[in-house]
Student: 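Pasting a structure below so you can have a look.
When reading the values below, keep in mind they use all heavy atoms of this one structure, side chains included, and skip hydrogens, waters and symmetry mates. Letters go in sequence order (proteins before strands), and every chain restarts at 1.
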Amino acid sequence: MNLFTDIRTLVIENLTLLQAEGVLPAGLDFKNVAVEPPRDPLHGDMATNAAMVLAKPAKMKPRDIAEALAGKLAADGRIDSADVAGPGFLNMRLAATLWQDVIATAIAQGPDFGRSDMGQGRKVNVEFVSANPTGPLHVGHTRGAVFGDALASLLDFSGHEVTREYVINDGGSQIDTLARSVYLRYLEAHGQEVSFPEGVYPGDYLIPVGQALKDKVGDKYVDQPEDIWLEDLRNFGTDKMMDLIREDMAALGVKMDVFFSEKSLYGTGKIEECLNTLDKKGLIYQGTLPPPKGKELTDWEPREQTLFRSTLHGDDVDRPVKKSDGSWTYFAPDIAYHYDKVLRDYDELIDVFGADHGGYVKRMKAAVSALSDGKVPLDIKLCQLVRLFKDGEPFKMSKRAGTFVMLRDLIDLVGADVTRFVMLTRKNDAPLDFDFSKALEQSKDNPVFYVQYAHARVRSVFRKAEAAGIAVDDATLKAADLTLINHEAELTVAKKLAEWPRLVEIAARTNEPHRIAFYLYELAADFHALWNRGNDLPELRFLQEGDIATSQAKIALIRSVSIVISAGLSILGVTPAEEMR
RNA sequence: GCACCCGUAGCUCAGCUGGAUAGAGCGCUGCCCUCCGAAGGCAGAGGUCGCGCGUUCGAAUCGCGCCGGGUGCACCA
């Protein structure tokens, strides 16, 4: 249920009625008629712009339309009052029973309250993380991982059929580097002194991989030329790195549905097939690109190569798919990979990339547009950088090898729940400051704590109620006399709960899970405010001595608060707190 | 040079398919615990929404042009 769409339906019914009565002309388009919460709650519970958007096509004054509509709406039992304001806004006050119904619905639907069918079962593929299999995940990957996972959950919650996918870049030359790095660790495991020249990965995490290789093959590869061991070590290294990455993701609570191997595209004719498809559309040609501008290139010279005419699909320049020596560029298998997704019949594709891939967006969209004839939208979400702080100072982790802060370090320091929530308190295209000390601080300055605290407070009331012998199971609460919930402070919370289904749809439509985090903060604030009103007004306390019916009604209200907080946190991948410690 | 992102209160940031007097938190000022957890709440002060033009009944939001900051430009992956 979504109260806003219910009321919008009511508004449109009455507009139609006005047409039938000849007050409004026929043939009006109602699609721009919106029902929203007014910015200022003093104006009412809901407002509609109907009169203003219809004024021009109906050739009437907005206020006249609004007056006529107000007359109709005021007659409906659900509307306490409908007033015309300003240039033609229609402000409505809703009957208290509607807000009380929200509570009953929340309890009846439990974790599914707010679930939407707006996705209509559309198949969406969310590709995220996709870190090169050359080492463990670091902070930058973490943001993408959290974002992608939360977005996938959000889309699932709003009626999409979601696939979480990771593409393993196991086909490129960075895997040669990995293989050589593993080889050095392998020699080291055999007691050799090794040095790590430029261009290999020096990280400690490869030490056990070298050891494992020794355990597996003994001294078979010692002092052998590269062509003997390279292919084997590419596979061995990639497998070990993917194990590591899977463990990292598991520690963060991220689980993929599909791991797609880029290598599987090579030698199977898939890339060729994809490029043939483009060729048939006249989008492949032999040509020479102009030199890149604004950059001093000393070794640049014009070369003829195979190009994809991406400019016909919105890109700035055409892009090479083959190098001058005839081998594929990185872009070629990536096009083929996205073609594979299109062929797998997804209705929509989403890629979550790091901000450093910004230059890749247009060409990828161009490729998907070309391959699907514009039928499959591709949305690319770029996650900006994460800057680490401690006590307000930039933070660097001292690591023997490398200055990256690893995902594991984050989780060890603050835990997966805090990491996830903090990463989602900023929209993806804004840089994120992550302050360790703040993330662990127990104050309202820390949104993670603030939301968790609200949930813990609800649970605390439940424990007290149970100790007092009051039944607080959902079946009992659902049957509670909710007309006892009628104080303005309580209805404020119920109204915030009513926004939840609408908020979910907005967040899903924009692919912006951070809106969930901000909403939860607002809901927590309304709840904390109500809690404290109980200090001054004893009748607002949730437990009313000797009045079980009222207590149960009030507990039903805060039960629905905890339901929504749990549902929201579940989308973000965070576990709600039972109590604060 | 070009592309993308950002610019909103002293600071960090929200702001819905364009809606009314632009909202939070921190910081500042003053209040509220014999009370379901004060780890919290209430109130006050604080804004040319970077600048200009345009579209519109209406612009922080859309378009164009500037200014400032970030990221990226290749036969790398």
Student: Of all the heavy-atom pairs spanning A:Leu497 and A:Ser560, show the shortest one and how long it is.
Tutor: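 What the structure gives for the nearest pair is CD1-OG, 3.5 Å.
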
Student: Rounded to the nearest Å, what distance is computed from the CG atom of residue A:Leu265 to the P atom of nucleotide B:A77?
Tutor: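 Rounded to the whole Å, the gap is 15 Å.
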
Student: Determine the contact category for A:Val504: base if any of its heavy atoms lies under 4.0 Å from a base atom, sugar-phosphate if only primed atoms, P, OP1 or OP2 are that close, otherwise nothing.
Tutor: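 Counting heavy atoms under 4.0 Å across all strands, no contact is made by A:Val504.
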
Student: How far apart are the closest heavy atoms of A:Asp83 and A:Ser81, and which atoms are they?
Tutor: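 For A:Asp83 and A:Ser81, the tightest heavy-atom pair comes out as OD2-OG, 3.8 Å.
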
Student: Can you tell which of B:G41, B:U17, B:A14 lies closest to the side chain of A:Lys427?
Tutor: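 From the listed options, B:A14 comes nearest.
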
Student: Might you work through the ring pair (Phe, Tyr, Trp, His ring centres under 6.0 Å) test for A:Tyr519 and A:Tyr521, ending with a clear yes or no?
Tutor: CA-CA 5 Å; A:Tyr519 169 82; A:Tyr521 187 88; over 10 Å; no

Student: Using the ring of each side chain (for Trp, its six-membered ring), is A:Tyr337 parallel, tilted or perpendicular to A:Phe260, with breaks at 30° and 60°?
Tutor: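 Tilted: the ring planes of A:Tyr337 and A:Phe260 meet at 30° to 60°.
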
Student: To the side chain of A:Val53, which of B:G41, B:G19, B:A38 is closest?
Tutor: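 The nucleotide sitting nearest to the side chain is B:G19.
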
Student: Of the options B:U71, B:A77, B:A24, whose atoms approach the side-chain atoms of A:Tyr521 most closely?
Tutor: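 Per side-chain heavy atoms of A:Tyr521, the pick is B:A24.
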
Student: With a 4.0 Å cut-off on heavy atoms, is A:Ala47 in touch with a base, just the backbone sugar-phosphate, or nothing at all?
Tutor: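 Since a base atom lies under 4.0 Å of A:Ala47, the category is base.
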
Student: Could you check whether A:Gly172 gets within reach of a base, just the sugar-phosphate, or nothing at all, counting any heavy atom under 4.0 Å?
Tutor: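 The answer is sugar-phosphate, as A:Gly172 gets under 4.0 Å only of primed atoms, P, OP1 or OP2.
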
Student: Any base atoms under 4.0 Å from A:Asp445, or only sugar-phosphate, or nothing? Heavy atoms, all strands.
Tutor: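 Counting heavy atoms under 4.0 Å across all strands, the contact made by A:Asp445 is with sugar-phosphate only.
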
Student: Using the rule for Phe, Tyr, His and the six-membered ring of Trp, do A:His528 and B:G41 stack at under 5.5 Å and under 30°?
Tutor: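 No, aromatic ring not over the base.
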
Student: Base, sugar-phosphate or nothing for A:Ala34? Non-hydrogen atoms, less than 4.0 Å.
Tutor: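 Contact class for A:Ala34: base.
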
Student: Heavy atoms under 4.0 Å, any strand shown: does A:Gln174 hit a base, just sugar-phosphate, or nothing?
Tutor: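 The answer is sugar-phosphate, as A:Gln174 gets under 4.0 Å only of primed atoms, P, OP1 or OP2.
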
Student: Under 3.5 Å, is there any donor-acceptor pair linking the side chain of A:Asp334 to the base of B:A77?
Tutor: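 By the distance-only test, no, there is no pair.
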
Student: Ignoring hydrogens and angles, are the base of B:G72 and the side chain of A:Asp356 linked by a donor-acceptor pair under 3.5 Å?
Tutor: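 Side chain to base: no pair below 3.5 Å.
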
Student: In whole angstrom, give the distance that lies between atom NZ of A:Lys31 and atom P of B:U17.
Tutor: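 Nearest whole value for this atom pair: 14 Å.
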
Student: Starting at OH of A:Tyr519 and ending at P of B:C16, how long is that distance when rounded to a whole Å?
Tutor: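 About 17 Å, once rounded to whole Å.
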
Student: Run the side chain to side chain donor-acceptor pair (under 3.5 Å) check on A:Thr134 and A:Gln174 step by step: do they pass?
Tutor: CA-CA 8 Å; A:Thr134 54; A:Gln174 82 281 6; over 6 Å; no

Student: Distances under 3.5 Å between protein N/O atoms and the N/O atoms of nucleotides 60-67 of chain B, please, pair by pair.
Tutor:
| unit_1 | atom_1 | unit_2 | atom_2 | d |
| --- | --- | --- | --- | --- |
| B:A60 | N6 | A:Arg39 | NH2 | 3.2 |

Student: Measuring only the C1' atom in each nucleotide, how far is B:A9 from B:C28? A whole number of Å is fine.
Tutor: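 Result for the C1' pair: 13 Å, nearest Å.
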
Student: Please report the distance separating the C1' of B:G10 from the corresponding atom of B:A77, rounded so that it comes out in whole Å.
Tutor: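 Taking atom C1' in both B:G10 and B:A77, they lie 44 Å apart.
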
Student: Using Watson-Crick or G-U wobble geometry with both distances under 3.5 Å, which nucleotide pairs with B:A3?
Tutor: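 Across any shown strand, B:A3 pairs with B:U71.
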
Student: Say you pick atom P in B:G54 and the same atom in B:G58; how far apart are they, in whole Å?
Tutor: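 B:G54 and B:G58 have their P atoms separated by 12 Å.
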
Student: Is the shortest side-chain N to carboxylate O distance from A:Lys427 to A:Glu512 below 4.0 Å?
Tutor: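 No.
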
Student: With nearest nucleotides of RNA chain B determined for A:Leu530 and A:Arg387 from heavy-atom distances, which residue corresponds to the more 5′ nucleotide?
Tutor: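 The 5'-side residue here is A:Arg387.
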
Student: Provide, to the nearest angstrom, the distance between the CG atom belonging to A:Asp536 and the C1' atom belonging to B:G40.
Tutor: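 Nearest whole value for this atom pair: 13 Å.
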
Student: Tell me which of A:His514 and A:Arg533 sits closer to the 5' end of RNA chain B, going by the nucleotide each one is nearest to.
Tutor: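 Residue closer to the 5' terminus by nearest nucleotide: A:His514.
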
Student: Looking at the base of B:C16, is there any donor atom on it, or on the side chain of A:Arg515, that sits under 3.5 Å from an acceptor on the other one?
Tutor: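 No such pair is found, so the answer is no.
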
Student: Suppose you measure atom C1' in B:G18 against the same atom in B:U12; what distance do you get, rounded to whole Å?
Tutor: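 Going atom to atom, C1' in each nucleotide, I get 27 Å.
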
Student: State plainly whether the residues A:Glu499 and A:Lys496 are in salt-bridge range, i.e. N to O under 4.0 Å.
Tutor: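 Yes, A:Glu499 and A:Lys496 are salt-bridged.
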
Student: Taking a pair as Watson-Crick or G-U wobble with both distances under 3.5 Å, which nucleotide is matched to B:G47?
Tutor: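 Answer to the pairing question: none, since B:G47 forms no Watson-Crick or G-U pair.
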
Student: Contact class for A:Arg457 vs. all strands (heavy atom < 4.0 Å): base, sugar-phosphate, or nothing?
Tutor: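 The residue A:Arg457 makes sugar-phosphate contact but no base contact.
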
Student: Determine which nucleotide pairs with B:A38, using a 3.5 Å limit on both distances of a Watson-Crick or G-U wobble pair.
Tutor: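 WC or wobble partner does not exist here.
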
Student: Would you measure the distance from the P atom in B:U21 across to the matching atom in B:U29 and give it in whole Å?
Tutor: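 Going atom to atom, P in each nucleotide, I get 33 Å.
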
Student: Considering only the P atoms, how many Å lie between B:U34 and B:G50, rounded to the nearest integer?
Tutor: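 To the nearest whole Å, 47 Å.
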
Student: Is the ring centre of A:Tyr453 under 5.5 Å from the base ring centre of B:G40, and are the two planes under 30° apart, so that they stack?
Tutor: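 Base of B:G40: not stacked against A:Tyr453.
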
Student: With respect to the side chain of A:Lys362, which nucleotide from B:C4, B:G40, B:A20 is positioned closest?
Tutor: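 Output: B:C4.
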
Student: Counting side-chain heavy atoms from C-beta on, which of B:C36, B:C42, B:C13 comes nearest to A:Ala529?
Tutor: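 Given the options B:C36, B:C42, B:C13, the side chain of A:Ala529 is closest to B:C42.
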
Student: Heavy atoms from C-beta onward define the side chain here; which of B:C42, B:C76, B:C36 lies closest to that of A:Ser173?
Tutor: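 Nearest to the side-chain atoms of A:Ser173, counting from C-beta on, is B:C76.
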
Student: Since syn is defined as within 90° of 0, does B:C53 count as syn or as anti?
Tutor: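 Glycosidic conformation of B:C53: anti.
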
Student: For B:C76, is there a stacking contact with A:Tyr330, counting only centres under 5.5 Å and planes under 30°?
Tutor: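 No; centroid distance or tilt outside limits.
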
Student: How would you label the contact of A:Asn91 with the nucleic acid (heavy atoms, under 4.0 Å): base, sugar-phosphate, or nothing?
Tutor: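 Result for A:Asn91 = base.
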
Student: Within the structure shown, what part of the strands sits under 4.0 Å from A:Lys56 by heavy-atom distance: base, sugar-phosphate, or nothing?
Tutor: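 If one applies the 4.0 Å heavy-atom cut-off, A:Lys56 turns out to touch the sugar-phosphate alone, with no base involved.
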
Student: Can you check the distance between B:U55 and B:C64, where both ends of the measurement are the C1' atom (answer in whole Å)?
Tutor: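 My reading of the C1' atoms in B:U55 and B:C64 gives 11 Å.
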
Student: Under 4.0 Å, heavy atoms only, any strand: does A:Thr329 hit a base, just the sugar-phosphate, or nothing?
Tutor: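 Result for A:Thr329 = sugar-phosphate.
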
Student: Output the single nucleotide from B:C16, B:A20, B:A14 whose closest atom is nearest the side chain of A:Phe518.
Tutor: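 The listed nucleotide nearest to A:Phe518's side chain is B:A14.
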
Student: Side chain to side chain contact (heavy atoms under 4.5 Å, CB included) with A:Ala549: which residues, sequence neighbours excluded?
Tutor: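 Side chain to side chain contact (heavy atoms under 4.5 Å, CB included) check on A:Ala549 returns A:Leu484, A:Asp547.
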
Student: Using a heavy-atom cut-off of 4.0 Å across all strands, would you classify A:Asp429 as base, sugar-phosphate, or nothing?
Tutor: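 Touches sugar-phosphate only.
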
Student: Counting only side-chain heavy atoms from C-beta out, which of B:U17, B:G40, B:G15 sits nearest to A:Glu512?
Tutor: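 Shortest atom-to-atom distance from the side chain points to B:G15.
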
Student: Which one is paired to B:G63, where only Watson-Crick or G-U wobble pairs with both distances under 3.5 angstrom count?
Tutor: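 With both distances under 3.5 Å, B:G63 matches B:C53.
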
Student: When rounded to the nearest Å, what value does the distance between C1' atoms of B:G65 and B:C76 take?
Tutor: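 Looking at atom C1' only, B:G65 and B:C76 are 36 Å apart.
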
Student: So what's B:A9 paired with, Watson-Crick or G-U wobble, going by both distances under 3.5 Å?
Tutor: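 Answer to the pairing question: none, since B:A9 forms no Watson-Crick or G-U pair.
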
Student: Not counting sequence neighbours, which residues clear side chain to side chain donor-acceptor pair (under 3.5 Å) with A:Gln286? List them please.
Tutor: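 Testing A:Gln286 for side chain to side chain donor-acceptor pair (under 3.5 Å), a comparison that skips the adjacent residues, returns A:Thr306.
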
Student: For A:Lys444 and B:G41, is the shortest distance between a side-chain N/O and OP1 or OP2 below 4.0 Å?
Tutor: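 True: A:Lys444 side-chain N/O within range (under 4.0 Å) of B:G41 OP1/OP2.
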
Student: Looking at A:Val33, is its backbone amide N or carbonyl O close enough to the side chain of A:Arg8 to form a donor-acceptor pair, meaning the two atoms are under 3.5 Å apart?
Tutor: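 Yes, A:Arg8 side chain to A:Val33 backbone: donor-acceptor pair under 3.5 Å.
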
Student: Grab the two heavy atoms, one from A:Gly314 and one from A:Lys362, that are nearest each other, plus how far apart they are.
Tutor: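 Looking at all heavy atoms of both residues, the closest pair is O-CD, 3.7 Å.
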
Student: Apply side chain to side chain donor-acceptor pair (under 3.5 Å) to the pair A:Asp351 and A:Tyr360, showing each step before the final yes or no.
Tutor: CA-CA 11 Å; A:Asp351 289 349; A:Tyr360 212 66; over 6 Å; no

